[in-house]
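Just so it is clear, the values below take in all heavy atoms, side chains as well, and ignore hydrogens, waters and symmetry mates. We name chains A, B, ... by the order of the sequence lines, and we start the count at 1 in each one.
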There are 2 protein chains.
Amino acid sequence: MPEKSAAGGGLREQKKRATRAALAEAAVRLAAEHGVENVTVEAISAAAGVSVRTFFNYFDARDDAFVVIDTDISARVRSTVLRAPAEVPPLDAVRDAIAAELAEAEQQHELWQLHAEVLRAAPHLLVRSLGAHMADETGLAVAIARRLRGGPTDVPGTTATDEDARRSLDLYPRLLAAVAGTAVRVAVEHWSADPAERHFADVFQETFASLAAGLPAPPG
Amino acid sequence: MPEKSAAGGGLREQKKRATRAALAEAAVRLAAEHGVENVTVEAISAAAGVSVRTFFNYFDARDDAFVVIDTDISARVRSTVLRAPAEVPPLDAVRDAIAAELAEAEQQHELWQLHAEVLRAAPHLLVRSLGAHMADETGLAVAIARRLRGGPTDVPGTTATDEDARRSLDLYPRLLAAVAGTAVRVAVEHWSADPAERHFADVFQETFASLAAGLPAPPG
DNA sequence: GGCATAACTTGCATGCTATGCAAAGATGCA
DNA sequence: TGCATCTTTGCATAGCATGCAAGTTATGCC
């Protein structure tokens, strides 16, 4: 029964963390061994030493147990984006924030490996996973929007193209957040098709480079 | 019991299309009226005039009924992309193919509107919708890849940067397909938040313009 | 037309997923 | 210690999803 990162306040809090982690870990290990579809909630609960009913106190749906390893990744991405120097372009800021998180995650290697394996065998879970992790796409969009408002030129007055800018501003953060998430997913999928060939970081950077260049046809 | 677009081969084929469409339409209408969570498979099946068991012959899961409205949109997009003149950049080809389909879809206005409404009220369905699009995504990626191979310069021999190009080629079509899908979703979401303010086509074009420019920070 | 075949639909049986409720147990605090 | 609060659990219930076998309907071939 491993604990989560920062050991929070009281005993209750710790126990909850431990239970959630135990359930998630049990789910992933069982799935790696027997295949996702052959793992029942009952089995997961038993392996974690709690009742089935308790499982559903922690997860809204069976699939969610396979999906969330670290709950607050998206929060960290948001705050990293906000802390980036003002002169860094938004796309770069998002890219670097995500890259940092991915590098971080690789340190929990073994479980992460299993997790990736499980997700690769179950595409519908991969969607759910990326959806869950960075996913409060809307949250990231808000962070980006805030970053833009408090941006480089600390805005004296309103310009002539004001209305036009505001409209763009609404659309742009949403688009950037969504596209970034998609890019990560594509990078992971492409890389995991043949993990040996290239480092993931390499694929990741190429993906974002293509985005930054406006998705031109590659030479060839 | 409306029929689908191009009336396919036999009577069976037609009936299947009709049944699937009836189920999907019933699902969306019931969801719009009573809320997604209050619509049972039984109700959908009854409204479509088939048994519950038959529902599951058409959809793997209840939620899938709310997600796919027109099955062969993606097929038409693919073929349009392939038919585009060779000198058109990939991103533009994809944009125009999708734009054409969307213009088409607006003729079924009312149902489409309902569908967007339902998805907006049910975030988890939107995730699932993503999943559905991902299936098409691979198909679109293949079309893009083929288009690139049979592209402008009809490839005499292999160049020096060959390996590099091949790696890019694998990643690029996937990325373009995925990002295009995401862009459409974002455009729809943004537009549907306030449909009166702008024409959808306008938002759509702005979205793809931002992509083509490499997602630079908007002026402001 | 009439028949054999393949495809589609249906009801039944079964097992898993998910939620509400109330009782019992664990924890935190004075 | 004893009270207030949160958590866990079993039970009941409803809906979701699949396999199977039997009944219906289209299709192709004579």
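- At D:dT8, one or more side-chain N or O atoms of A:Tyr58 fall inside 4.0 Å of OP1 or OP2 (strictly under the cut-off).
- Ion pairing of A:Arg185 with A:Glu189 is present here, as a side-chain N (NZ or NE/NH1/NH2) and a carboxylate O approach within less than 4.0 Å.
- Nucleotide D:dA14 holds its P atom 18 Å from the CZ atom of A:Phe56, rounded to whole Å.
- When the side-chain nitrogen and oxygen atoms of A:Thr54 are compared with OP1 and OP2 of D:dT9, one or more of them lie within a distance under 4.0 Å.
- Atom CZ in A:Phe55 sits about 14 Å away from atom C1' in C:dT19, given to the nearest Å.
- Under the 3.5 Å distance criterion, the side-chain polar atoms of A:His115 are matched with a main-chain donor or acceptor of A:Phe66.
- When the P atom of D:dT5 is taken as reference, atom NZ of A:Lys16 falls 16 Å away, rounded to whole Å.
- Remark: the B:Ser79 side chain and the B:Arg83 side chain contain an N/O donor-acceptor pair separated by less than 3.5 Å.
- Salt bridge status for B:Arg198 with B:Glu206: present, with a side-chain N to carboxylate O gap under 4.0 Å.
- Counting any heavy atom pair closer than 4.0 Å across all strands shown, A:Asp60 reaches sugar-phosphate atoms only and no base atom.
- Close to D:dA26, at under 4.0 Å from its OP1 or OP2, lies a side-chain N or O of B:Lys15.
- Using a 4.0 Å heavy-atom criterion, one finds that B:Val50 contacts the sugar-phosphate atoms exclusively.
- For a distance-only test at 3.5 Å, the side chain of A:Arg53 fails to qualify as a donor-acceptor partner of the base of D:dT8.
- Nearest-nucleotide assignment on DNA chain D puts the 5′-proximal partner with A:Val52, out of B:Val39 and A:Val52.
- Between the side chain of A:Arg12 and the base of D:dT5 there is at least one donor-acceptor pair of N/O atoms closer than 3.5 Å.
- With rounding to whole Å, A:Asn57 atom CG is found 12 Å from C:dC21 atom C1'.
- Residues B:Leu171 and A:His190 come closest through the heavy atom pair N-CE1, 3.6 Å.
- Counting to the nearest Å, the P atom of C:dA18 and the CZ atom of A:Phe59 are 12 Å from each other.
- Remark: C1' of D:dT5 and CD of A:Glu13 are 14 Å apart, rounded to the nearest angstrom.
- Remark: P of D:dA17 and CD of B:Glu42 are 14 Å apart, rounded to the nearest angstrom.
- For A:Ser51, counting side-chain heavy atoms from C-beta on, the closest listed nucleotide (D:dT9, C:dT19, D:dG15) is D:dT9.
- In this structure, B:Arg62 places its CZ atom 9 Å from C1' of D:dG15, rounding to the nearest Å.
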